[in-house]
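Input: a single structure, listed below in structure tokens.
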Amino acid sequence: MRTEVGSTVERLDRPSAYYLSRNKRRRDRDDNAEEPTEPAVDPLANATTLYVGNLSFYTTEEQVHELFSKCGEIKRLVMGLDRFNKTPCGFCFVEYYTHQDALDCMKYIGGTKLDERIIRTDLDPGFEEGRQFGRGKSGGQVRDEYREDFDEGRGGTGRALQGEKSRNNDDDSRYSR
């Protein structure tokens, strides 16, 4: 008798937790509607694009290209930019020619360090124009408004802490007169 041995590692070609949580509201609305006649098609089944997050603001396009070209030929590389300043803001999209190259990249490069930061890779349904810009009020990343620590790789201190320091400096200048 031969027993079946299950895999202890999750498959890489399934939708990520991030993707599923983003589309949860859409699924809830669809549940209230009529039942679909055909099963939904998984947009990540043959995805060739990777979202790469947690990049340093100082990481260049050349550094990203050099690292990610080790897993396969890159079709396109799109750096994430601050909406207003047009400076890098910590993410990019890497598009490969084949789905297998994208999976290999997730397997071998995801979780490695680039510019002293552990990068995160995730399959993406595909790059569309406009997604290269950050989403926060400042045009950068959303979390920057709430960060309260110093992180040189992300541009220094968070905006909340910067505003607090400038208010303290204004108070000090009033008392020193």
Side-chain angles (χ1 to χ4, degrees), residues 12 15-23 25-26 43-44 47-99 101-173:
L12 294 175
S16 68
Y18 171 77
Y19 180 79
L20 293 174
S21 68
R22 287 278 310 217
N23 293 310
R25 281 180 268 144
R26 190 177 304 148
L44 301 178
T48 59
T49 305
L50 288 178
Y51 169 85
V52 181
N54 200 32
L55 291 174
S56 169
F57 283 15
Y58 305 107
T59 301
T60 63
E61 190 172 337
E62 290 80 18
Q63 288 173 298
V64 174
H65 192 278
E66 181 182 345
L67 178 64
F68 284 83
S69 63
K70 293 179 181 181
C71 288
E73 191 175 350
I74 295 176
K75 183 176 184 179
R76 181 168 60 160
L77 175 67
V78 180
M79 293 295 288
L81 301 174
D82 184 297
R83 185 174 301 278
F84 304 112
N85 301 333
K86 305 298 187 250
T87 57
C89 66
F91 69 95
C92 72
F93 295 94
V94 179
E95 187 175 351
Y96 287 98
Y97 283 99
T98 66
H99 178 66
D101 287 346
L103 291 178
D104 290 344
C105 182
M106 282 183 61
K107 183 177 180 181
Y108 297 116
I109 295 181
T112 61
K113 277 191 173 184
L114 178 62
D115 273 353
E116 300 301 317
R117 299 187 64 82
I118 296 175
I119 56 174
R120 183 176 67 87
T121 58
D122 208 355
L123 282 176
D124 193 78
F127 174 76
E128 297 168 7
E129 195 60 39
R131 289 187 63 203
Q132 74 267 30
F133 298 117
R135 303 172 294 187
K137 292 178 188 175
S138 64
Q141 291 294 317
V142 175
R143 295 183 192 144
D144 287 346
E145 280 88 28
Y146 305 107
R147 194 176 70 234
E148 296 179 358
D149 58 341
F150 182 82
D151 187 355
E152 184 62 36
R154 296 301 254 172
T157 57
R159 296 197 188 282
L161 192 58
Q162 286 174 348
E164 186 177 302
K165 283 183 181 177
S166 66
R167 282 191 297 271
N168 289 342
N169 289 343
D170 291 343
D171 292 343
D172 292 343
S173 64

Side chains of Asn54 and Arg117, donor plus acceptor under 3.5 Å: yes
Take Leu55 and Cys92 through the side-chain contact (heavy atoms from CB on, under 4.5 Å) test and state the conclusion after the steps. CA-CA 8 Å; Leu55 291 174; Cys92 72; 3.8 Å; yes
Other residues, nucleotides, ligands: >12 heavy atoms within 6.0 Å of Glu66 CD: no
State the CG-OG1 distance between Leu123 and Thr49, to the nearest 0.5 angstrom. 9.0 Å
CG-CG distance between Asp115 and Leu67, expressed to the nearest 0.5 angstrom: 10.5 Å
Would the distance check show the side chain of Tyr96 and the main-chain N or O of Phe68 forming a donor-acceptor pair, the cut-off being under 3.5 Å? yes
Can you tell me how far apart NE2 (His65) and CD1 (Ile74) are? Round to the nearest 0.5 Å. 4.0 Å
Sub-3.5 Å donor-acceptor pair from the side chain of His99 to the main-chain atoms of Thr48, do we have one? no
Residues Val52, Val64; criterion side-chain contact (heavy atoms from CB on, under 4.5 Å); working and verdict: CA-CA 10 Å; Val52 181; Val64 174; 5.8 Å; no
Taken to the nearest 0.5 Å, the spacing of Thr112 OG1 from Ile119 CD1 works out to 4.0 Å
To the nearest 0.5 Å, what is the distance between OG1 (Thr87) and CG (Leu81)? 7.5 Å
Measure across Lys86 and Arg83 and return the closest heavy-atom pair with its distance rounded to 0.1 Å. NZ-O, 2.5 Å
How far does CG of Asp104 sit from NZ of Lys70, to the nearest 0.5 angstrom? 15.0 Å
Look at the aromatic rings of Phe91 and Tyr51 and report parallel, tilted or perpendicular, splitting at 30° and 60°. parallel
Sort out for me which residue in Val94, Asp101, Ile109, Thr121 forms a side-chain contact (heavy atoms from CB on, under 4.5 Å) with Cys71. Ile109
